[in-house]
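Working notes for the structure below.
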2 protein chains.
Amino acid sequence: MKKEERHQLIIQLLEKENIQKQEELVKALQERDIAVTQATVSRDIKELKLIKVPATGDGYRYSLPVESDEEMNEKLTKLIKNAFVSLDHMDKFVTLKTLPGNASAIANLIDKRFTKELFAILNDDDNILMITKTTQARERLFQELQKYI
Amino acid sequence: MKKEERHQLIIQLLEKENIQKQEELVKALQERDIAVTQATVSRDIKELKLIKVPATGDGYRYSLPVESDEEMNEKLTKLIKNAFVSLDHMDKFVTLKTLPGNASAIANLIDKRFTKELFAILNDDDNILMITKTTQARERLFQELQKYI
DNA sequence: TGTGAATACTAATTCAAC
DNA sequence: GTTGAATTAGTATTCACA
């Protein structure tokens with residue numbers, strides 16, 4: 001079990017369970033036969049940027065990070081820089097072709113980042129099709145995406 | 001200086017300064033001639049639901065809360081329960097009539113909560129007009145809003 | 001109810017080992 | 001580069017009191 005896998009598992013655990021303390025995360029991981037200590041979990045939390053949130057009821061809980069626009073932009077830039085093939089538009093459509101396997105991650109980020117502009121977005125393994133709400137929105141979206149290239 | 005005032009000040013401080021530890025908040029408050037201890041700041045943080053965020057660079061910082069869906073739902077429920085007049089729909093439109101002065105706050109929350117469904121939302125003092133992306137989305141939105149009543 | 005002082009608890013880091 | 005054990009740093013809570 002590598003660190004990266006554990007990180008993924010931790011994210012899943014946080015979605016399901018109410019983790020209030022790092023020790024609880026340690027236990028939850030142990031139940032899945034992953035032996036780590038509080039020290040490691042503390043580092044994981046830092047790396048994953050998990051946040052400690054005062055719970056609505058009582059106590060505290062660990063929660064997934066809220067990505068800022070800047071962080072999403074950074075991610076998008078990296079992803080697109082690495083996987084870009086072509087970008088095109090027509091009417092209210094924008095298409096982005098990527099290297100195989102990369103469309104999904106990029107589409108997810110674009111979806112979050114451009115909710116305002118997007119009417120719908122869908123992708124297969126290496127293509128993203130975006131449908132914008134208006135032609136102006138298509139223009140904005142296309143120009144913004146060009147910046148990432 | 002009452003607690004409520006201090007809370008407001010803390011929120012302002014967090015927006016401006018990079019507060020990494022509760023002790024720093026204590027110091028920042030002392031500089032403004034407000035004498036409190038770490039214990040009090042800890043309670044303030046819990047009450048304000050401030051979160052401890054692993055910083056992008058190094059270390060940690062305290063930050064303003066992120067509202068969860070549940071919290072938005074709670075707020076919406078309260079607001080709508082208190083100010084509801086009528087709810088109606090037609091084609092891709094949904095209208096919500098409220099008591100005078102209440103439309104804006106409710107519209108803002110609906111906008112955040114139903115981004116997926118909404119194409120546009122606008123309000124005056126006591127009316128909200130929602131335009132959904134599709135008829136199915138209108139159906140979903142209308143049914144969800146009915147639950148808040 | 002709100003607070004500080006002391007304390008208990010939790011989390012982050014250091015340091016050594018791998 | 002990653003980890004656990006031990007330690008330190010930081011945070012939450014208890015308890016007494018205004």
Side-chain angles (χ1 to χ4, degrees), chain A residues 1-67 71 74-75 78 82, chain B residues 1-66 68 71:
Chain A
M1 170 60 85
K2 298 197 201 71
K3 189 170 72 164
E4 177 56 29
E5 296 177 62
R6 190 181 60 239
H7 280 188
Q8 285 312 116
L9 182 54
I10 286 173
I11 288 170
Q12 289 172 24
L13 283 170
L14 283 186
E15 283 169 352
K16 281 191 295 232
E17 305 188 21
N18 246 48
I19 307 289
Q20 308 225 5
K21 303 189 296 195
Q22 300 191 352
E23 293 292 357
E24 289 181 16
L25 206 42
V26 173
K27 267 207 310 199
L29 289 167
Q30 274 172 352
E31 283 165 16
R32 283 154 189 81
D33 295 314
I34 300 164
V36 285
T37 60
Q38 177 265 326
T40 298
V41 165
S42 173
R43 295 181 191 110
D44 289 343
I45 282 168
K46 186 168 192 170
E47 286 161 28
L48 289 167
K49 296 196 194 307
L50 303 179
I51 56 182
K52 191 184 182 187
V53 187
T56 317
D58 199 49
Y60 300 79
R61 70 186 300 274
Y62 279 96
S63 172
L64 299 177
V66 255
E67 279 186 313
E71 286 166 326
E74 279 177 40
K75 277 196 186 175
K78 276 186 196 163
N82 285 325
Chain B
M1 169 60 83
K2 295 197 203 71
K3 189 169 72 163
E4 176 56 28
E5 295 177 63
R6 189 179 63 239
H7 281 188
Q8 285 312 115
L9 181 55
I10 287 173
I11 289 170
Q12 290 172 23
L13 282 170
L14 283 186
E15 282 168 353
K16 281 190 296 232
E17 305 188 23
N18 246 48
I19 306 290
Q20 308 226 8
K21 303 188 296 193
Q22 301 191 353
E23 293 292 357
E24 289 181 18
L25 206 42
V26 173
K27 267 208 309 202
L29 288 167
Q30 274 170 353
E31 284 165 17
R32 285 155 188 81
D33 294 314
I34 300 163
V36 284
T37 60
Q38 176 268 326
T40 297
V41 165
S42 172
R43 296 182 190 110
D44 287 344
I45 282 167
K46 185 167 194 173
E47 285 161 28
L48 290 167
K49 296 196 193 310
L50 303 178
I51 57 183
K52 192 185 181 183
V53 186
T56 317
D58 200 49
Y60 301 79
R61 69 186 300 274
Y62 278 97
S63 171
L64 299 178
V66 254
S68 67
E71 286 167 325

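Atoms considered below: every heavy atom in the structure, side chains included; atoms not considered: hydrogens, waters and symmetry mates. Lettering of chains follows the sequences in order, A, B, ..., and the numbering in each one begins at 1.
- Regarding Asp44(A), its CG atom lies at a distance of 17 Å from the P atom of dG1(D), rounded to whole Å.
- We find that OH of Tyr60(B) is positioned 17 Å from P of dT10(C), with the value rounded to whole Å.
- Checked against side chain to side chain donor-acceptor pair (under 3.5 Å), Asn18(A) has the following partners two or more places apart in sequence or in another chain: Arg61(A).
- The salt bridge (Lys or Arg N to Asp or Glu O under 4.0 Å) check on Lys75(A) picks up Glu67(A), with sequence neighbours excluded.
- Listed here is the closest heavy atom pair of Pro54(B) and Leu50(A): CD-O, 3.2 Å.
- Legend: residues meeting side-chain contact (heavy atoms from CB on, under 4.5 Å) with Gln12(A), ordered by chain and number and at least two apart, are Leu9(A).
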Quick one: side chains of residues 41-48 of chain A, donor-acceptor pairs under 3.5 Å with protein atoms, not counting sequence neighbours, listed by atom name and distance.
| unit_1 | atom_1 | unit_2 | atom_2 | d |
| --- | --- | --- | --- | --- |
| Asp44(A) | OD1 | Arg6(A) | NH2 | 2.9 |
| Asp44(A) | OD1 | His7(A) | NE2 | 2.8 |
| Asp44(A) | OD2 | Arg6(A) | NE | 2.7 |
| Asp44(A) | OD2 | Arg6(A) | NH2 | 3.2 |
| Glu47(A) | OE1 | Lys3(A) | NZ | 2.9 |

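- The side chain to side chain donor-acceptor pair (under 3.5 Å) contacts involving residues 30-39 of chain A comprise Glu17(A)-Arg32(A), Gln22(A)-Gln38(A), where partners must be two or more places apart or lie in separate chains.
- Rounded to whole Å, atom P of dT1(C) lies 20 Å from atom CD of Glu5(B).
- The CZ atom of Arg61(A) sits 17 Å away from the P atom of dT10(C) (whole-angstrom rounding).
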Strictly under 3.5 Å: I want the nitrogen or oxygen pairs between protein and nucleotides 15-18 of chain C, one per line.
none

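- Rounded to an integer number of Å, the gap from CD1 of Ile51(A) to P of dA12(C) is 13 Å.
- The side chain of Lys46(B) places an N or O atom within less than 4.0 Å of a non-bridging phosphate oxygen (OP1 or OP2) of dT13(D).
- Nucleic acid contact for Val36(A): sugar-phosphate only, since backbone atoms but no base atoms lie under 4.0 Å from a heavy atom of the residue.
- Residues from residues 18-32 of chain B with heavy atoms under 4.0 angstrom of DNA chain C: there are none.
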Please write out each protein N/O paired with an N/O of nucleotides 6-8 of chain D under 3.5 Å, distance rounded to 0.1 Å.
none

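- Defining each end axis of the helix from dT1(C)-dA18(D) to dC18(C)-dG1(D) as the rotation carrying four pairs' C1' atoms onto the next four, with five pairs an end, the two axes are found to diverge by 30° to 10 degrees.
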